[in-house]
Amino acid sequence: MCETCGCGGEGVVVQVPADLLQRLNSNRFQVSLGAPEQARRLAVQEDLLARNDHQASQVRQHLSGQGILALNLISSPGSGKTTLLVETIRRLAGKVPVAVIEGDQQTTRDADRIAATGAPAVQINTGKGCHLEAQAIHDALHHMPVPAGGILFIENVGNLVCPALFDLGEADKVVILSVTEGDDKPAKYPHIFSAAGVMILNKIDLLPHVDFDVERCLEEARRLQPDLVILQVSARTGQGMDAWVQHLLQRREALKAD
Ligand SMILES: Nc1nc2c(ncn2[C@@H]2O[C@H](COP(=O)(O)OP(=O)(O)O)[C@@H](O)[C@H]2O)c(=O)[nH]1
Ligand SMILES: [Mg+2]
């Protein structure tokens, strides 16, 4: 259970395969959450989400008012978010001003990687927290104003679960899945794939070395979100990067026209 956002409360179902159930000593396998405690947790969680939504709508108003395209990048740790950002910034250099907010539990390593490209970056360390919240984005923007008409990338804490719940004021959530993680992830973590506007399938250079059924994976993702824009990319070799950059430029133009 995540103590920070209370995401383990309502709707948790414990499924035990029949053969395991037979072998289990039922005295040692009990999952219980008393009703008053459950109600208290739900109230705290609703309050937290309502406050976050309010803050996020202010951030969105501020950013879209200046024609800034804000994207919230969400994935498991290691899918290649920072590598993708470094390569994206290199390709956008001289075309669009870019700024990055980096979220991690500890260290400034990702912000340092971004800063090495010359783009402004701030790091938010969440400590025990498993996701970024809109208040932190608001505070970060005070430290790092983004030029009007620019692109703000927010690299969320590596986690496919909790970040799906928290609006950061972005125009789109971008979910990144790498082929080394398995093709079943959309089916297993449907909330983030349903909430995302874009899915990047990264590390496609590794496809010959892993068992990953691209068609099955993308079909399951599309079933969750029929309008999902899906891009297959290798941040390492550069394959698919032009289409991604093109998508960013078109999305930014569309935002300006709104
Ligand atoms: N083969 C391959 N490796 C990649 C690719 N993108 C990132 N990586 C590697 O994946 C690892 C994690 O990348 P990183 O950008 O730190 O992931 P993050 O935790 O999502 O930010 C690093 O060793 C990268 O070099 C890719 O397209 N292909
Ligand atoms: Mg990273």
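Remember, it's 1-based here, ligands and their atoms both numbered in the order they're listed. Values in this document were obtained by computation on a predicted structure and should not be read as measured data. Heavy-atom basis, side chains included; hydrogens, waters and symmetry copies ignored.
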Nearest to atom 4 (C) of ligand 1 by heavy atom, Lys203, His209, Gln239: which?
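Of the listed residues, Lys203 has the closest heavy atom.
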Within a distance of under 4.0 Å, is there any protein heavy atom near atom 22 (C) of ligand 1?
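Protein heavy atom within 4.0 Å of atom 22 (C) of ligand 1: absent.
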Nearest-neighbour protein heavy atom for [atom], which is reported as residue plus atom name and distance:
atom                    : value
atom 17 (O) of ligand 1 : Gly80 N, 3.1 Å
atom 16 (O) of ligand 1 : Arg113 NH1, 3.0 Å
atom 25 (O) of ligand 1 : Arg236 NH2, 3.4 Å
atom 13 (O) of ligand 1 : Thr83 OG1, 3.5 Å
atom 27 (O) of ligand 1 : Ala235 N, 2.9 Å

Working for side chain to side chain contact (heavy atoms under 4.5 Å, CB included), residues Leu248 and Leu92:
CA-CA 9 Å; Leu248 291 171; Leu92 288 174; 4.2 Å; yes
So, are [X] and [Y] salt-bridged, with charged N and O less than 4.0 Å apart?
X      : Y      : result
Asp167 : Arg60  : yes
Asp104 : Arg109 : no
Arg90  : Glu87  : yes

Tell me which one of Val100, Leu73, Ile114 satisfies side-chain contact (heavy atoms from CB on, under 4.5 Å) with Thr82.
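Of the listed options, the one satisfying the test is Ile114.
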Provide the number and element of each atom of ligand 1 under 4.0 Å from a heavy atom of [X].
X      : answer
Gly78  : 10 (O), 12 (C), 17 (O), 18 (P), 19 (O), 20 (O)
Asp205 : 1 (N), 2 (C), 26 (C), 27 (O), 28 (N)
Lys81  : 15 (O), 17 (O), 18 (P), 19 (O), 20 (O), 21 (O)
Leu206 : 1 (N)
Thr82  : 15 (O), 21 (O)
Asn202 : 5 (C), 6 (N), 27 (O)

If I consider every N, O or S atom in Glu155, which one ends up closest to the Mg ion (ligand 2)? I only need its name.
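Closest N, O or S atom of Glu155 to the Mg ion (ligand 2): OE2.
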For Asp110, what is the atom name of its N, O or S atom nearest to the Mg ion (ligand 2)?
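Checking each N, O and S atom of Asp110, the shortest distance to the Mg ion (ligand 2) belongs to OD2.
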Within less than 2.8 Å of the Mg ion (ligand 2), any N, O or S from [X]?
X      : value
Glu102 : no
Asp104 : no
Thr82  : yes

Taking every non-hydrogen atom, the tightest pair across [X] and [Y]:
X      : Y      : result
Glu181 : Ser76  : OE1-OG, 3.2 Å
Ser75  : Ser79  : OG-OG, 2.6 Å
Leu206 : Val179 : CB-CG2, 4.0 Å
Leu63  : Gly169 : CD1-O, 4.2 Å
Ala134 : Ala56  : CB-N, 3.5 Å

Identify each donor-acceptor pair in which a side-chain atom of residues 236-244 lies under 3.5 Å from a protein atom, sequence neighbours left out, and give them as a table.
{"residue": "Thr237", "atom": "OG1", "partner": "Ser234", "partner atom": "OG", "Å": "3.1"}
{"residue": "Thr237", "atom": "OG1", "partner": "Gln239", "partner atom": "N", "Å": "3.2"}
{"residue": "Trp244", "atom": "NE1", "partner": "Thr88", "partner atom": "OG1", "Å": "2.9"}

Regarding ligand 1, does Pro77 bring an N or O atom to under 3.5 Å of one of the ligand's N or O atoms?
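By distance alone, the answer is no.
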Val233 N/O under 3.5 Å from ligand 1 N/O
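No, there is no polar N/O contact under 3.5 Å.
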Can you confirm whether Asp47 is buried at CG, in the sense that more than 12 heavy atoms of other residues, nucleotides or ligands lie under 6.0 Å from that atom?
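Yes, because the 6.0 Å sphere around CG of Asp47 holds more than 12 heavy atoms from other groups.
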More than 12 heavy atoms of other groups within 6.0 Å of Gln58 CD:
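Correct, the count exceeds 12.
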Looking at ligand 1, does Ser79 have a heavy atom less than 4.0 Å from it?
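The answer is yes, since Ser79 has a heavy atom less than 4.0 Å from ligand 1.
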